[in-house]
Student: 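Attaching a single structure in structure tokens format; questions to follow.
Within every chain, numbering begins at 1; the chains are lettered A, B, ... in the order of the sequence lines, protein sequences first and strands thereafter. The structure displayed is predicted, hence computed values, not measured ones.
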Amino acid sequence: MDLYVHPRFEVLRSEKKCICCRVCERQCANGAHGYDESAGTMESYDEKCVNCHRCVALCPTKALKIAETSHSFRQNANWSGHTIQELYLQANTGGVLLSSMGNPRPLPSYFDRILLNASQVTNPSIDPLREPMETRTFLGKKNQTVTRDTRGRLKDNMGAQLELRAPIMFSAMSLGSISYNAHASLANAARELGIFYNCGEGGLHKDFYKYGPNTIVQVASGRFGVHQPYLMAGAAVEIKMGQGAKPGIGGHLPGHKNMGQIAATRMTPEGSDAISPAPHHDIYSIEDLRQLVYSLKEATGNTKPIIVKIAAVHNVAAIASGVARSGADIIAIDGFRGGTGAAPTRIRDNVGIPIELALASVDQKLRDEGIRSDVSLVVGGSIRSSTDWVKAIALGADACYIATGALLALGCHLCRSCHTNLCNWGIATQRPDLVRRLNPEIGAEHLVNLIKAWQHELREIMGGMGINSVEALRGNRLMLRGVGMTREELDILGIKHAGL
Amino acid sequence: MKRIFAREEWCLACHLCEYHCANANLPHKEGGNFNAEMARNLKGRAIRPRIRVEEDDRVHFALSCRHCDEPACKKSCISGAISMINGVVCIDRDKCVGCYTCILACPYGTIVPSDDGHAAQKCELCMQNSCGEPACVAHCPNRAIVYEEVLDE
Ligand code: SF4
Ligand code: SF4
Ligand code: SF4
């Protein structure tokens, strides 16, 4: 007999409000609702519920809510109920625990302990509704010297750049990890917003080549779907060395998800497991990375900036310094809160470091070495709001990557069961009946709304600081103060404590 | 002239439109709590919505009156209860004798008997009830029904 694992959630239905419309039953792909014909009442199967809120959101009389069970183990500060149940699960199955999305553990958030500055009396604040506020950003290597031709005219020898209307982009999520409709939403929104989305490592579906000018194409260790037209289709090429949710671990799209268009786009046989090895088998040094960077530059005729994406790990500053010397134009750093479609739980929850610390130390290191302007820095790994975004820029980022936030705008409720292929919101699934639940028309609208709202807030906050361009906010750590931090934490972040 | 259109590719067969249709055509208190009212209105009641989700394993879409230019129902009505008012095909409950000839005549099957069985009822674009705009369109979670101007060929 298996060790008993009590259901984590309880489906609570108000009998008074329920009209037995069976919408919840039809909408729950996990089968957590049923209808008892003879009694004419609805039933719930708590053990199947993953707390995705699809039924809650669609119930026409709002008769439903989902509660975390109050079922308890005997109090133990060392062995929490959750830890015990995970152990039971492993004793039952002998398997590695799998999870999705970002690290949910209650580890400190540095963003939450950083406060922003505002102008008073001696330096005027700016009203963004009356005065211009520049959020346009260019990503790529910036020349440090001005060169002129023989007649004294400026030589335009600037390398390829990405132009963003605001310093934010949607980070890599492959077609396969998320649905066709999720990609369509991201692509459409990126185009409308004048920013970029990243197609991830699964190749670029033929329908999405038309969004090329707003697409970043990715080359990962599996090289899925990579060919010359693919490289040329995007506005930039990203080499994925690591991912914040699972540094040191590769990717694995199970065969049952690798079907039809997904498999065709990846250029893999249908039904085969699409495995991205943990390392790139041709990269074991910065020199090797340099070869790939330059191969890609050559393949694209030097028209596309090359991004190298790394996970934030212990000696990230030294790694980033190496990457900057590999010829990369942009370095993307993914913090330990970054999301994933599937990762071993223990890795996701224990490997990597907070993006705030990684960003601050990388920015500082590149400055110290005089190579900061050789690369742009893009950071992701849980930018949750416009203030996280502002703080990241002030810590030295040129732009931010968001993915979890973007999925939330598409309807994701962070139930973290992406790896089951049963996403009730049509995002992290390939089941056609579920994919159809995400109408990209609505999805794109929500994404556009979200970024526009954040842009308003960004302008408002910058105005308050008396700053009228993102350029002037970048690396402006004087605008930041820490609260409740140790000397060491403040030193790494390069900021003062509040009150100073 | 605005019309209701079904967008088959986005319909989820969730049947919400049917319940919102049924609810929209029942009495409402000004400023009442929408969800509570809907629960009160529809609890324990078999609904007869004026929009129906047609479904099989492959396709599903919500179907309601097409408001035809030459309505077969209007022509068939033995008591003159069906008329075209501002482009909307309407049934006058007081004139309807409940013979259901129109139900037989409608090629789309979008007319249904009323709850009391004494008359026929159909989609009147929520013009005659408290909604003012088609409730099915307003409440469809996936924009699978839209209310749009008809474009001339
Ligand atoms: S899994 Fe989602 S849709 Fe199913 S019962 Fe739980 S919250 Fe509702
Ligand atoms: S969706 Fe709400 S009203 Fe409909 S059956 Fe489920 S709980 Fe009852
Ligand atoms: S409410 Fe919309 S999605 Fe649901 S059945 Fe009706 S038309 Fe289809």
Student: Does A/Asp36, at its CG atom, have more than 12 non-hydrogen atoms belonging to other residues, nucleotides or ligands within less than 6.0 Å?
Tutor: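 Yes, CG of A/Asp36 has more than 12 neighbouring heavy atoms, counting only those of other groups under 6.0 Å.
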
Student: Between A/Arg437, A/Lys62, A/Lys17, who has the most heavy-atom pairs with chain B when the cutoff is under 4.5 Å?
Tutor: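 Greatest number of close heavy-atom pairs with chain B: A/Arg437.
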
Student: If every non-hydrogen atom of A/Lys16 is compared with every non-hydrogen atom of B/Lys43, which pair is closest and at what distance?
Tutor: O-CD, 3.3 Å

Student: Measuring heavy-atom distances to chain A, does B/His139 have an atom under 4.5 Å in its side chain, in its backbone, in both, or in neither?
Tutor: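 Neither the backbone nor the side chain of B/His139 comes within 4.5 Å of chain A.
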
Student: Side chain, backbone, both or neither: which part of A/Leu434 has an atom under 4.5 Å from a heavy atom of chain B?
Tutor: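 Contact with chain B is absent: no heavy atom of A/Leu434 under 4.5 Å.
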
Student: What part of B/Ala13 is in contact with chain A, defined as an atom under 4.5 angstrom from a non-hydrogen atom: side chain, backbone, both or neither?
Tutor: backbone

Student: Between A/Asn439 and B/Arg143, which heavy-atom pair has the shortest distance, and what is it?
Tutor: ND2-CB, 3.7 Å

Student: Answer yes or no: does atom CG of B/Asp69 have more than 12 heavy-atom neighbours from other residues, nucleotides or ligands under 6.0 Å?
Tutor: no

Student: Would you call B/Arg7 and A/Glu441 a salt bridge, using N to O less than 4.0 angstrom?
Tutor: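 Yes, charged N to carboxylate O under 4.0 Å.
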
Student: Need one label for B/Glu18: side chain, backbone, both or neither, based on atoms under 4.5 Å from any heavy atom in chain A.
Tutor: neither

Student: Output the distance between atom OG1 (A/Thr61) and atom CG (B/Leu42), rounded to the nearest 0.5 Å.
Tutor: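 The CG atom of B/Leu42 is 9.0 Å from OG1 of A/Thr61, to the nearest 0.5 Å.
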
Student: Within a 6.0 Å radius of atom CD on A/Glu15, are there more than 12 heavy atoms belonging to other residues, nucleotides or ligands?
Tutor: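 For A/Glu15, atom CD is crowded (more than 12 foreign heavy atoms under 6.0 Å).
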
Student: Quick one: does B/His15's side chain get under 4.5 Å of A/Arg26's, heavy atoms only?
Tutor: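 Yes. Closest side-chain heavy atoms under 4.5 Å.
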
Student: So what's closer than 4.5 Å to chain B heavy atoms on A/Cys21: side chain, backbone, both or neither?
Tutor: both

Student: Mind listing the closest non-hydrogen atom pair of A/Gln27 and B/Cys14 along with its distance?
Tutor: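 So the minimum-distance heavy-atom pair works out to NE2-CB, 3.6 Å.
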
Student: Between CG of B/Leu16 and CG of A/Leu58, what distance do you get to the nearest 0.5 Å?
Tutor: 5.0 Å

Student: Are B/Phe34 and A/Pro60 packed together at the side-chain level, in the sense that at least one heavy-atom pair is separated by less than 4.5 angstrom?
Tutor: no

Student: Taking all heavy atoms of B/Trp10 and all of A/Asn181, pick out the closest pair and write down the distance.
Tutor: CZ3-ND2, 3.4 Å

Student: Looking at SG of A/Cys59 and OH of B/Tyr19, how far apart are the two atoms once the value is rounded to the nearest 0.5 Å?
Tutor: 11.5 Å

Student: Out of B/Arg45, B/Arg40, B/Met38, return the one with the most heavy atom pairs under 4.5 angstrom to chain A.
Tutor: B/Met38

Student: With rounding to the nearest 0.5 Å, note down the distance linking CG in B/Asn41 to CD1 in A/Ile19.
Tutor: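 Here the rounded value is 9.5 Å.
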
Student: Does A/Glu192, at its CD atom, have more than 12 non-hydrogen atoms belonging to other residues, nucleotides or ligands within less than 6.0 Å?
Tutor: no

